[in-house]
Amino acid sequence: MPRQPQSEEQRDSVQRRILSAAQDLFDAAGIEAVSMRALGARVGLSASALYAYFPTKRDLLRALWWDAVSELHLRMQNISDSESDPVAAIRAIGRAYAEFAAENPVRFNVLFIVDRGELAEELKSSGVRAAAYELFRQRVAEAIERRRLRPGDPDLAAQTLWAGIHGVLTLTNSSASFPFLPSTLLIDSVMDAILAGLNAASTDERAGGKAVRVKAVVRKVHGPTPDGHSQRAGTSAEE
């Protein structure tokens with residue numbers, strides 16, 4: 001009796017099983033462990049049956065990448081939608097990024113392992129990772145517009161924050177033998193430092209404080225002029 005064709009729901013269920021098994025193999029031993037033979041043995045399908053769902057390993061990697069980046073984007077979107085304050089949203093999105101990496105470091109690495117060759121170009125053109133970045137960038141731009149951060153290029157500010165957060169994750173994931181403090185604590189510290197540097201109020205305060213200190217040094221070195229200002233010949237007291 002001929003086999004009945006699968007429904008869309010049945011096919012999707014099998015694909016999810018395959019992806020889940022591939023993720024387990026990836027987590028256990030890295031990308032090299034994800035072979036069609038090993039995968040088939042884990043899900044109880046022949047290699048030829050697997051090819052009906054994922055014709056090549058590249059197709060499988062593409063699906064794993066989409067699965068990881070889509071979940072990360074969804075987490076970021078949910079946070080952004082629920083947080084009206086842009087700086088609080090920036091902090092929460094940064095923590096969510098770190099939590100995603102901590103929950104499953106190997107899956108997190110999937111986001112970046114395909115950044116070479118033809119597959120990288122294909123995934124870049126899909127725009128899904130760009131959408132996740134754009135969401136973060138928009139909240140940074142909003143903070144700048146609302147004068148919560150100093151005026152400047154929102155891409156530079158967003159990428160500085162991202163680089164700081166990702167740097168902590170890369171360092172702690174690649175140097176497991178070093179007794180790092182908890183990554184969540186380090187992430188908060190990095191965001192505090194970067195946001196303090198980008199903070200509009202603290203920037204104004206630092207600039208004002210510097211001007212006061214400069215004028216104080218000039219008065220101390222040269223003494224007051226008859227009109228009460230410190231001044232060298234040929235210079236102004238504001239230099």
Side-chain angles (χ1 to χ4, degrees), residues 2-82 92-136 162 165-166 168-170 172-174 176 182-184 187:
R3 188 173 180 178
Q4 294 294 319
Q6 286 182 317
S7 67
E8 185 87 17
E9 186 177 342
Q10 288 172 324
R11 183 176 178 81
D12 184 65
S13 176
V14 174
Q15 282 182 324
R16 297 307 306 172
R17 278 177 51 214
I18 295 170
L19 284 176
S20 178
Q23 188 64 61
D24 289 343
L25 287 171
F26 201 140
D27 291 350
I31 193 171
E32 295 79 9
V34 185
S35 69
M36 290 303 196
R37 184 185 297 274
L39 193 54
R42 184 162 289 231
V43 296
L45 293 173
S46 66
S48 59
L50 282 177
Y51 293 141
Y53 297 93
F54 301 102
T56 66
K57 187 174 180 177
R58 174 176 163 176
D59 294 309
L60 184 62
L61 278 176
R62 182 191 297 109
L64 286 170
W65 184 90
W66 271 96
D67 188 62
V69 76
S70 296
E71 181 181 338
L72 178 59
H73 184 212
L74 181 62
R75 291 191 190 190
M76 292 170 65
Q77 186 69 65
N78 288 340
I79 289 169
S80 185
D81 289 345
S82 63
I93 290 171
R95 291 190 195 102
Y97 188 78
E99 287 166 4
F100 183 83
E103 288 169 11
N104 199 324
V106 179
R107 189 172 186 218
F108 178 73
N109 289 337
V110 171
L111 298 173
F112 306 96
I113 204 168
V114 293
D115 272 352
R116 296 179 296 275
E118 293 180 11
L119 184 56
E121 287 303 311
E122 177 187 334
L123 296 177
K124 181 180 178 181
S125 66
S126 72
V128 65
R129 188 162 64 183
Y133 167 71
E134 182 59 24
L135 186 151
F136 185 60
W162 184 15
I165 296 165
H166 191 80
V168 169
L169 298 174
T170 300
T172 53
N173 287 344
S174 62
S183 61
T184 50
I187 292 294

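Heavy atoms only: backbone and side chains are in, while hydrogens, waters and symmetry mates are out. The chain is numbered in sequence order, starting from 1.
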**Request:** Taking side chain to side chain contact (heavy atoms under 4.5 Å, CB included) as the test, write out the residues that go with Ser82, two or more places apart.
**Result:**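 Not a single residue meets the side chain to side chain contact (heavy atoms under 4.5 Å, CB included) criterion with Ser82.
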
**Residues forming a side chain to side chain contact (heavy atoms under 4.5 Å, CB included) with Ala96, sequence neighbours excluded** =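 Per chain and number, Ala96 pairs via side chain to side chain contact (heavy atoms under 4.5 Å, CB included) with Ile79.
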
Gap between atom [atom2] of [Y] and atom [atom1] of [X] - 0.5 Å precision:
| X | Y | atom1 | atom2 | value |
| --- | --- | --- | --- | --- |
| Ser70 | Gln77 | OG | CD | 12.5 Å |
| Leu50 | Leu60 | CG | CG | 8.5 Å |
| Glu134 | Met76 | CD | CE | 10.5 Å |
| Asp24 | Leu39 | CG | CG | 10.0 Å |
| Leu25 | Arg42 | CG | CZ | 4.5 Å |
| Ile93 | Asn78 | CD1 | CG | 10.5 Å |

**Request:** Give a yes or no answer on whether the side chain of Asp59 reaches the backbone of Thr56 with a donor-acceptor pair at less than 3.5 Å.
**Result:**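 Looks like yes, one N/O pair under 3.5 Å.
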
**Request:** Please identify each residue that fulfils ring pair (Phe, Tyr, Trp, His ring centres under 6.0 Å) with Phe100, with sequence neighbours left out.
**Result:**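 Here no residue qualifies.
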
Just wondering, do [Y] and [X] contact through their side chains at under 4.5 Å, heavy atoms?
| X | Y | answer |
| --- | --- | --- |
| Leu169 | Ile187 | yes |
| Thr184 | Arg95 | no |
| Val14 | Leu45 | yes |
| Leu19 | Arg16 | yes |
| Gln15 | Asp12 | yes |

Which atom names give the shortest non-hydrogen contact between [X] and [Y], and what distance separates them?
| X | Y | answer |
| --- | --- | --- |
| Met36 | Phe54 | CE-O, 3.2 Å |
| Ser80 | Leu135 | CB-CD2, 3.7 Å |
| Val43 | Ala21 | CG1-CB, 3.4 Å |
| Ser183 | Thr172 | CB-OG1, 4.4 Å |

**Request:** Classify the angle between the aromatic ring planes of Phe108 and Tyr97 as parallel (below 30°), tilted (30 to 60°) or perpendicular (above 60°).
**Result:**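 Because their plane-to-plane angle is over 60°, the rings of Phe108 and Tyr97 count as perpendicular.
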
**Item:** Crowding at CD, Glu103 (>12 non-hydrogen neighbours, <6.0 Å)
**Value:**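 Count over threshold, so yes.
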
